[in-house]
Protein chains: 2
Amino acid sequence: MSALSDVARIAQVSKATASRALSGNGYVSAETRDRVVAAAAAIGYVVSSNAASLVTGRTRNVGVVIPHINRWYFGDVLEGIESALIAAGYDLTLYRLSADAAERRRVFEYFLVRKRVDAVIAVGIELTSHEVGLLGSLAKPIVGVGGAIDGIATFSIDDVAAAALVTEHLISLGHTRIMHFGGDQGNEMDFRVHSQRLAGFTQAMDAAGLPCGDDTFRATELSMPGGYELALAVLADPRARPSAVVAGSDEVAIGTIVAARQLGIHVPAQLSVVGIDGHELAPMFGLTTLAQDPGGQGTAAVERVMAELDDEGRAWERTWSPYPVRLEVRSSTTAPGV
Amino acid sequence: MSALSDVARIAQVSKATASRALSGNGYVSAETRDRVVAAAAAIGYVVSSNAASLVTGRTRNVGVVIPHINRWYFGDVLEGIESALIAAGYDLTLYRLSADAAERRRVFEYFLVRKRVDAVIAVGIELTSHEVGLLGSLAKPIVGVGGAIDGIATFSIDDVAAAALVTEHLISLGHTRIMHFGGDQGNEMDFRVHSQRLAGFTQAMDAAGLPCGDDTFRATELSMPGGYELALAVLADPRARPSAVVAGSDEVAIGTIVAARQLGIHVPAQLSVVGIDGHELAPMFGLTTLAQDPGGQGTAAVERVMAELDDEGRAWERTWSPYPVRLEVRSSTTAPGV
DNA sequence: CCCCCTTCTGGAACCGGTTCCATGCGAGGG
DNA sequence: CCCTCGCATGGAACCGGTTCCAGAAGGGGG
């Protein structure tokens with residue numbers, strides 16, 4: 001367990017000079033620096049980040065709170081955040097927030113508060129104002145990804161516009177009997193995305209004068225099995241079957257396509273399906289979707305965090321600007337059959 | 001920024017007593033403890049983990065190195081590790097190792113060494129003996145998940161036996177023209193799993209006296225698109241088509257099924273497909289697979305780490321014991337058609 | 001020639017806890 | 001009655017760095 005004092009002794013300098021030589025702060029002659037660096041290398045010295053953060057107050061560590069790891073969108077965001085942080089020389093401490101309220105409180109009031117993280121990135125989570133205040137009172141930057149949060153800089157797509165856009169795509173193809181397979185509105189974790197995509201669907205349908213109500217919306221878990229089960233149930237009845245489905249996510253869309261094929265319903269001849277997300281599997285299933293870039297949003301969040309950390313004095317505006325999307329038309333959508 | 005000395009002053013005790021009262025170590029009268037706890041709560045005091053770890057040498061933080069976040073197996077392991085660590089009051093610092101050798105060195109020689117983590121869990125990564133030695137010289141427990149590593153306690157299934165078992169399942173159904181769609185043997189990250197599953201396949205084929213060579217094995221990335229692309233190419237030629245496929249993972253198996261359906265090949269009547277993993281989507285695609293429990297392996301790894309941390313003196317044997325699996329037969333396998 | 005400024009270095013305080021050691025006190029045993 | 005032991009508490013050292021401050025040396029300008 002070599003310490004800085006060991007390095008200093010070997011290099012025959014003081015702790016102060018050794019510290020300056022290794023950290024690069026302050027005046028050190030080139031010759032002395034070389035001697036210190038050589039001594040450090042000789043005994044395999046590595047700074048204790050605990051000691052360093054104790055005095056500087058900086059940990060070079062960012063906390064990430066995220067509800068799922070194993071869903072495509074979240075995993076992709078996480079990957080983007082991770083690579084950006086490592087590149088910046090920062091650690092990433094991961095907290096998965098389950099629906100368990102007690103655990104969630106523990107994460108915020110214990111784990112995130114112990115001066116262990118310099119900032120927090122919240123992915124796909126609706127933070128309460130209490131939680132925001134808690135972190136804010138510690139002067140820690142908070143940045144959100146996926147789902148705007150009041151008083152916080154957030155990176156996400158415009159979910160209302162996204163859902164409206166894919167719905168309009170179907171309408172422009174001539175569809176009139178369109179259903180939305182969306183997220184469960186009762187889910188307290190990330191209901192904003194669910195309800196906003198539903199709102200976008202409703203908005204586009206209303207604007208086109210198409211029927212839109214209880215029988216054009218069905219809720220499910222936003223996952224492939226969720227979409228699959230729902231589609232099996234809904235599509236089984238040929239008379240109630242819509243000519244097109246707007247899925248709340250690509251996972252739901254793919255589940256719907258698989259279910260349709262299994263029921264002998266041809267996609268897109270008998271059923272058009274659009275998704276939202278740009279899932280990596282979308283090309284494989286020929287899914288028309290509105291692609292977003294989760295990894296890029298993660299990277300952008302990290303950049304923003306770094307900027308806030310580098311310029312603490314500045315009053316950062318906590319706004320939300322929609323992240324760009326692009327419609328990728330594939331073989332799952334066409335004009336309705338006769 | 002309230003410090004322990006503030007708490008001590010308000011509660012009218014010394015720092016030493018305040019520390020004992022809050023940490024629970026050493027003698028403190030019940031009355032004093034209450035007073036200290038009340039004082040701490042009043043000013044919203046939270047220990048600085050940096051200061052604490054500086055003197056104790058314990059960070060209550062475990063580093064996890066993992067090659068992918070967004071693949072089912074890895075995400076599931078990570079979820080299992082995360083919940084177990086949080087439950088034990090530990091933080092999880094995440095390092096995704098890419099193929100970039102320089103970045104990998106940086107993670108091991110800089111990030112993991114700074115006395116920031118108490119232990120390391122390596123998921124699906126072949127550690128070099130140099131890396132093991134590096135961590136070992138710091139007396140940090142290292143535990144592996146998925147893929148045995150020399151000199152390290154590892155939790156994983158027996159990949160040779162697993163591949164042999166699913167191959168035997170196909171053989172027992174009467175298949176003789178069986179191919180293996182496995183992992184690329186040139187991939188340096190996790191080649192052990194790839195080569196072991198190939199070895200299990202070869203072993204079962206040889207034991208049954210079935211042909212097994214270059215034309216019964218095809219390599220691809222172990223992902224759905226990888227399996228899909230490969231299957232599209234291989235299955236297109238009706239004469240070269242096998243009657244059954246042993247996929248290197250469920251993702252590859254599902255990609256194969258999707259490709260087969262698209263080519264108009266009926267599964268299982270014209271093509272049986274088995275996978276390995278027990279992917280969450282296996283039921284949806286009716287995939288016969290050998291299910292393992294990645295989350296459980298992650299949890300087991302954490303338990304082992306905690307045990308080693310609690311009993312440092314003991315000489316822990318670094319062995320590998322195979323994790324249990326179970327064959328789940330679904331509708332993707334049947335006897336070969338005529 | 002003197003003064004000031006820049007560069008370089010060492011001493012010492014400090015970050016915020018934990019823990020060793022000494023001390024005081026009341027109770028129980030011989 | 002005295003000695004010992006367990007509990008309770010405070011003082012002070014210490015973990016391993018960073019940084020402020022002071023001082024010394026050398027160079028340039030007035």
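Letters go in sequence order (proteins before strands), and every chain restarts at 1.
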Please identify each residue that fulfils side-chain hydrogen bond (donor to acceptor under 3.5 Å, both in side chains) with [X], with sequence neighbours left out.
X: B/Asp293; answer: none
X: A/Ser49; answer: B/Arg116
X: B/Glu103; answer: none
X: B/Ser23; answer: none

Contacts of type salt bridge (charged side-chain N to carboxylate O under 4.0 Å, His left out), residue B/Glu308, not counting sequence neighbours
B/Arg304, B/Arg318
Under 4.0 Å, heavy atoms only, any strand: does B/Ser19 hit a base, just the sugar-phosphate, or nothing?
base
Base, sugar-phosphate alone, or nothing: which one does A/Asn50 contact when heavy atoms must sit under 4.0 Å apart?
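Nothing, no nucleic acid heavy atom in range.
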Sequence neighbours excluded, which residues qualify as ring pair (Phe, Tyr, Trp, His ring centres under 6.0 Å) partners of B/Tyr73?
none
A/Tyr95: partners by ring pair (Phe, Tyr, Trp, His ring centres under 6.0 Å), with sequence neighbours left out
A/Phe111
Among pairs that include at least one residue of residues 4-27 of chain B, which meet salt bridge (Lys or Arg N to Asp or Glu O under 4.0 Å), considering only residues two or more places apart or in two chains?
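Pairs touching residues 4-27 of chain B that pass the test: B/Asp6-B/Arg9.
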Name all pairs fulfilling the salt bridge (Lys or Arg N to Asp or Glu O under 4.0 Å) condition that reach into residues 32-45 of chain B, sequence neighbours left out, sorted by first residue then second.
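Of all non-adjacent pairs touching residues 32-45 of chain B, none passes salt bridge (Lys or Arg N to Asp or Glu O under 4.0 Å).
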Could you check whether A/Arg114 makes a cation-pi contact with A/Tyr110, meaning its NZ or CZ is under 6.0 Å from the centre of the six-membered ring and within 45° of the ring axis?
yes
Can you name the atoms? Protein N/O to nucleotides 23-27 of chain D N/O, anything below 3.5 Å, with the distance.
none

Could you give the start and end, 5' to 3', of the contact zone on DNA chain C for chain A, using atoms under 4.0 Å from its heavy atoms?
C/dT7 to C/dG16
Protein-nucleotides 7-11 of chain D N/O pairs closer than 3.5 Å?
from, atom 1, to, atom 2, distance (Å)
D/dC7, OP2, B/Tyr27, OH, 2.4
D/dT9, OP1, B/Ser29, OG, 3.3
D/dT9, OP1, B/Thr32, OG1, 2.5
D/dT9, OP2, B/Ser29, N, 3.0
D/dT9, OP2, B/Ser29, OG, 3.4
D/dT9, OP2, B/Thr32, OG1, 3.3
D/dG10, OP2, B/Ser14, N, 2.9
D/dG10, OP2, B/Ser14, OG, 3.1
D/dG10, OP2, B/Thr17, OG1, 2.7
D/dG10, N7, B/Arg20, NH2, 3.1
D/dG10, O6, B/Arg20, NH1, 3.4

